[in-house]
Amino acid sequence: QVQIVESGGGLVQPGGSLRLSCAASGTIFTLYDMAWYRQAPGKQRELVALITKAGDTNYAESVEGRFTISRENTKSTVSLQMNSLKPEDTADYYCRIDATVQFPGPTKSYWGQGTQVTVSS
């Protein structure tokens with residue numbers, strides 16, 4: 001019922017910037033939390049940034065002040081602006097969108113396919 005498409009990953013030098021986007025297609029009844037996660041080889045998946053339905057945001061300490069999460073509810077889209085990138089930001093990045101697709105109906109989490117971000121000189 002819901003398809004998630006991520007875009008914006010790539011190779012960038014330290015200090016550079018990238019913008020990731022995640023768009024949900026299909027019928028969305030209600031949007032709730034949206035978030036970005038990342039997973040580097042040999043490491044656990046970690047929460048990078050989250051934005052609630054009300055617009056409140058939370059960031060991992062390692063990205064605070066460098067990354068900005070935003071949402072466009074009418075487009076069912078969540079974005080992550082990444083500035084001052086560091087080599088330790090290298091990972092696969094995944095978006096998560098919580099939503100209901102009908103009423104009445106349960107809230108479910110929908111995940112993107114992942115996009116690679118590599119920060120290297």
Side-chain angles (χ1 to χ4, degrees):
Q1 291 182 280
V2 177
Q3 296 293 123
I4 308 296
V5 179
E6 298 184 27
S7 63
L11 174 64
V12 65
Q13 295 185 14
S17 298
L18 284 174
R19 184 176 180 85
L20 306 182
S21 294
C22 174
S25 62
T27 301
I28 303 294
F29 190 83
T30 304
L31 291 166
Y32 294 96
D33 293 353
M34 298 182 177
W36 286 95
Y37 295 76
R38 67 185 181 187
Q39 186 169 26
K43 296 184 178 180
Q44 297 182 26
R45 180 175 296 186
E46 65 174 343
L47 177 66
V48 176
L50 180 145
I51 183 166
T52 69
K53 181 182 179 181
D56 299 317
T57 59
N58 291 287
Y59 297 92
E61 183 179 4
S62 60
V63 307
E64 184 81 57
R66 299 187 297 119
F67 292 9
T68 302
I69 188 171
S70 60
R71 62 190 286 164
E72 298 181 51
N73 292 330
T74 58
K75 298 181 179 180
S76 299
T77 298
V78 60
S79 299
L80 185 69
Q81 178 66 46
M82 305 183 293
N83 298 325
S84 302
L85 284 162
K86 304 175 180 179
E88 49 263 47
D89 294 319
T90 296
D92 289 326
Y93 284 71
Y94 300 85
C95 63
R96 191 199 83 206
I97 297 177
D98 297 343
T100 57
V101 299
Q102 63 181 8
F103 181 83
T107 301
K108 296 183 178 181
S109 293
Y110 300 91
W111 291 83
Q113 78 282 0
T115 184
Q116 175 69 49
V117 172
T118 302
V119 185
S120 177
S121 60

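- Leu80 contributes atom CG, which lies 7.5 Å from atom OH of Tyr59 (distance to the nearest 0.5 angstrom).
- Linking Ile, Leu, Val, Met, Phe, Trp and Tyr whenever their side-chain heavy atoms come within less than 4.5 Å leaves Trp36 and Tyr32 in two separate clusters.
- In this structure, Ser70 and Arg19 have side chains that are in contact, with non-hydrogen atoms separated by less than 4.5 Å.
- Using a 4.0 Å cut-off between a side-chain N of Lys or Arg and a carboxylate O of Asp or Glu, Arg38 and Asp89 qualify as a salt bridge.
- There is a side-chain donor-acceptor pair under 3.5 Å between Ser109 and Asp98.
- The two residues Lys53 and Asp33 have their closest heavy-atom pair at N-OD1, 3.8 Å.
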Yes or no on side chain to side chain contact (heavy atoms under 4.5 Å, CB included) for Lys108 and Val101, after CA distance, side-chain angles and deciding distance?
-> CA-CA 9 Å; Lys108 296 183 178 181; Val101 299; over 6 Å; no
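- Closest non-hydrogen pair, Cys22 versus Ile97, comes out as SG-CD1, 4.0 Å.
- The aromatic rings of Tyr93 and Phe67 sit tilted relative to each other, their planes meeting at an angle between 30° and 60°.
- To the nearest 0.5 Å, the span separating CD1 on Ile28 from CG on Asn73 amounts to 11.0 Å.
- Rounding to the nearest 0.5 Å places SG of Cys95 at 9.0 Å from CG of Leu20.
- Rounding to the nearest 0.5 Å places OG1 of Thr100 at 10.5 Å from CD of Gln1.
- The shortest heavy-atom contact between Arg66 and Ser84 is NH1-O, 3.0 Å.
- One finds the OG1 atom of Thr57 at 14.0 Å from the CE atom of Met34 (value rounded to the nearest 0.5 Å).
- Smallest separation of non-hydrogen atoms from Ala35 and Ile69: CA-CD1, 4.2 Å.
- Heavy atoms only, all atoms of each residue included: Leu47 and Ala60 are closest at O-CB, 3.5 Å.
- Heavy-atom contacts from other residues, nucleotides or ligands closer than 6.0 Å to CD of Gln13 number 12 or fewer.
- In this structure, the separation between CZ on Arg96 and CD1 on Ile4 is 11.5 Å, given to the nearest 0.5 Å.
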Solution key, residues 113-121 side-chain donor-acceptor pairs under 3.5 Å, sequence neighbours excluded:
unit_1: Gln113; atom_1: OE1; unit_2: Glu6; atom_2: N; d: 3.4
unit_1: Gln113; atom_1: NE2; unit_2: Glu6; atom_2: O; d: 3.4
unit_1: Thr115; atom_1: OG1; unit_2: Gly9; atom_2: N; d: 3.4
unit_1: Gln116; atom_1: NE2; unit_2: Ala91; atom_2: O; d: 3.4
unit_1: Gln116; atom_1: NE2; unit_2: Thr118; atom_2: OG1; d: 3.3

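- For Tyr37, the ring-ring contact (aromatic ring centres under 6.0 Å, His included) criterion is met by Trp111, not counting sequence neighbours.
- Tyr110 is not connected to Tyr94 by any chain of hydrophobic side-chain contacts under 4.5 Å among Ile, Leu, Val, Met, Phe, Trp and Tyr, and they are in different clusters.
- Applying the side chain to side chain donor-acceptor pair (under 3.5 Å) test to Arg45 and every residue at least two apart in sequence or in another chain returns nothing.
- In this structure, the side chains of Ser25 and Val5 stay at 4.5 Å or more apart for every pair of heavy atoms.
- Heavy atoms only, all atoms of each residue included: Gly10 and Leu18 are closest at O-CD1, 4.0 Å.
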